[in-house]
Engineer: 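Starting off with a structure, shown below.
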Amino acid sequence: MGPRTPPREAFTATELRTIDALRTPRQVQRFLRAFPYNWEKTIRTFRGVVGSGRAHCLEAVLFAATVLEQHGYPALALDLESQDGLDHVLFIYQENGRWGTVARSRDEGLHGRKPVFTMVRALVDSYMDPYVDGDGRIVGYGVAHLDELTRMNWRLGSTNAWSVEEALRVWPHQKIHMGEARYQRRLRLFMAMRGDNPTLTPQQWRRLTGKQTANWL
């Protein structure tokens, strides 16, 4: 099944203005960061996201993929598989042979990365520490073209794209192991910070843990 990229005439005037204003992954990332997080149990298509003005992680992927494929980027999704079943999905792309991501999350450390990683495995590793929160721990990852996951219209459809989520759950994942010592160090740090600062924001957590931000979009 090949890509089903829509022609420009398939979009509304509002959608085209959004697409034309967001020409790079960095621009899309900044746009999504300004979006309210979607707490509803939905998986809206690109059209649904534009209409609602909010997005969670998978909806952000559908939005980013639709926008950026109009500027030459393949519609690729990266699924981070967690031991607690709460996976994180990101738009993944390449520039000059290096990998980066665009993402929306409630957690500061799980947003996008600059295209500085020579291998997907190294990019995934950059998410392993921020993922540790008491229950979460990355145990695998998979990359897929969104058109290979579903036949539904995840770009311009009017119904929820549940089939994308369902397909990602069974898509082949490469297992990855976070060393126990590294995991325990991060878990102890998280629990200590949470115990002392129960209302800690993600931004404060990032500063207190000394997390480097050079590779963050």
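None of these values were measured; they are calculated from a predicted model.
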Engineer: For I19 and F46: C-alpha separation, side-chain torsions, deciding distance, then whether side-chain contact (heavy atoms from CB on, under 4.5 Å) applies.
Structural biologist: CA-CA 11 Å; I19 290 169; F46 162 80; 4.2 Å; yes
Engineer: Rounded at 0.5 Å granularity, tell me how far CG in D147 sits from OG1 in T5.
Structural biologist: 7.0 Å
Engineer: Contact between R44 and N38 at the side-chain level, heavy atoms closer than 4.5 Å - yes or no?
Structural biologist: yes
Engineer: Compare every heavy atom of P25 with every heavy atom of V102, then report the nearest pair and how far apart it is.
Structural biologist: CG2-O, 3.6 Å
Engineer: Do side-chain atoms of E95 reach the backbone of P115 as a donor and acceptor pair under 3.5 angstrom?
Structural biologist: no
Engineer: For residues T66 and W154, report the shortest heavy-atom separation together with the two atoms involved.
Structural biologist: OG1-CZ3, 3.3 Å
Engineer: Could you tell me if the side chain of V67 sits less than 4.5 Å from the side chain of Q27, heavy atoms only?
Structural biologist: no
Engineer: Between Y127 and Y141, does the ring centroid distance fall short of 6.0 Å?
Structural biologist: no
Engineer: So I176 and M128, do their side chains get closer than 4.5 Å, heavy atoms only?
Structural biologist: yes
Engineer: Going by salt bridge (Lys or Arg N to Asp or Glu O under 4.0 Å), name the residues that satisfy it together with K175, two or more places apart in sequence or in a different chain.
Structural biologist: E81
Engineer: In Å, rounded to the nearest 0.5 Å, how long is the span from CG of D133 to OG of S82?
Structural biologist: 7.5 Å
Engineer: Who passes salt bridge (Lys or Arg N to Asp or Glu O under 4.0 Å) against D20, sequence neighbours left out?
Structural biologist: R8
Engineer: State, to 0.1 Å, how close T45 and L156 come at their nearest heavy-atom pair, and which atoms those are.
Structural biologist: OG1-C, 4.3 Å
Engineer: Inspect the contact between E108 and R33 and indicate whether a charged nitrogen and a carboxylate oxygen are less than 4.0 angstrom apart.
Structural biologist: yes
Engineer: Are side-chain heavy atoms of R54 and E59 found at a separation under 4.5 Å?
Structural biologist: no
Engineer: Evaluate the side-chain proximity of L62 to V49: yes if any heavy-atom separation is below 4.5 Å, no if none is.
Structural biologist: no
Engineer: If I take atom CG from residue L90 and atom OG1 from residue T101, how far apart are they, to the nearest 0.5 angstrom?
Structural biologist: 5.0 Å
Engineer: Are R47 and T12 close enough that some pair of their side-chain heavy atoms sits under 4.5 Å apart?
Structural biologist: yes
Engineer: Can you give me the closest heavy-atom contact between Q70 and F11, atom names plus distance?
Structural biologist: NE2-CE1, 3.5 Å
Engineer: Kindly compute the distance separating CG (D79) from CD1 (I138), expressed to the nearest 0.5 Å.
Structural biologist: 10.0 Å
Engineer: Kindly work out whether a path of hydrophobic side-chain contacts (I/L/V/M/F/W/Y, heavy atoms less than 4.5 Å apart) joins V61 to M152.
Structural biologist: yes
Engineer: Would R104 and F35 count as a cation-pi pair here, with the cationic atom under 6.0 angstrom from the ring centre and within 45° of the axis?
Structural biologist: no
Engineer: Over all heavy atoms of both residues, which pair between P36 and G53 is shortest? Give the atoms and the distance, please.
Structural biologist: CD-O, 3.2 Å
Engineer: Evaluate side-chain contact (heavy atoms from CB on, under 4.5 Å) for V143 paired with Q174, printing each intermediate quantity in order.
Structural biologist: CA-CA 9 Å; V143 176; Q174 182 170 333; over 6 Å; no
Engineer: Could you check D125, V139, D129 and say which one makes a side-chain contact (heavy atoms from CB on, under 4.5 Å) with M178?
Structural biologist: D129
Engineer: Check step by step if side-chain contact (heavy atoms from CB on, under 4.5 Å) holds for R186 and Y131.
Structural biologist: CA-CA 9 Å; R186 191 65 181 182; Y131 218 95; over 6 Å; no
Engineer: Could you walk me through whether L58 and L168 pass the side-chain contact (heavy atoms from CB on, under 4.5 Å) check?
Structural biologist: CA-CA 10 Å; L58 182 49; L168 281 170; 4.2 Å; yes
Engineer: Working to the nearest 0.5 angstrom, can you tell me the gap between L68 CG and H71 NE2?
Structural biologist: 6.5 Å
Engineer: For the pair R113 (side chain) and H111 (backbone), establish whether a donor and an acceptor sit closer than 3.5 Å, ignoring hydrogens and angles.
Structural biologist: yes
Engineer: I need the minimum non-hydrogen distance between A60 and A55, along with the two atoms involved.
Structural biologist: N-CB, 4.0 Å
Engineer: As an exercise, state the distance from CG of L86 to NE2 of H88, rounded to the nearest 0.5 Å.
Structural biologist: 12.0 Å
Engineer: For F91 and Y93, take the angle between the two ring planes, folded into 0 to 90°, and tell me which bin it lands in: parallel under 30, tilted 30 to 60, perpendicular over 60.
Structural biologist: parallel
Engineer: Going through the checks in order, is the salt bridge (Lys or Arg N to Asp or Glu O under 4.0 Å) test met by E69 and R4?
Structural biologist: CA-CA 10 Å; E69 73 174 354; R4 302 190 297 274; over 6 Å; no
Engineer: Are side-chain heavy atoms of H56 and Y37 found at a separation under 4.5 Å?
Structural biologist: yes
Engineer: Is L32 close to F63 at the side-chain level, that is, under 4.5 Å between some pair of heavy atoms?
Structural biologist: yes
Engineer: Would you say T18's side chain and T14's backbone share a donor-acceptor pair under 3.5 angstrom?
Structural biologist: yes
Engineer: Tell me whether the count of non-hydrogen atoms from other residues, nucleotides or ligands lying under 6.0 Å of CZ in R30 goes above 12.
Structural biologist: no
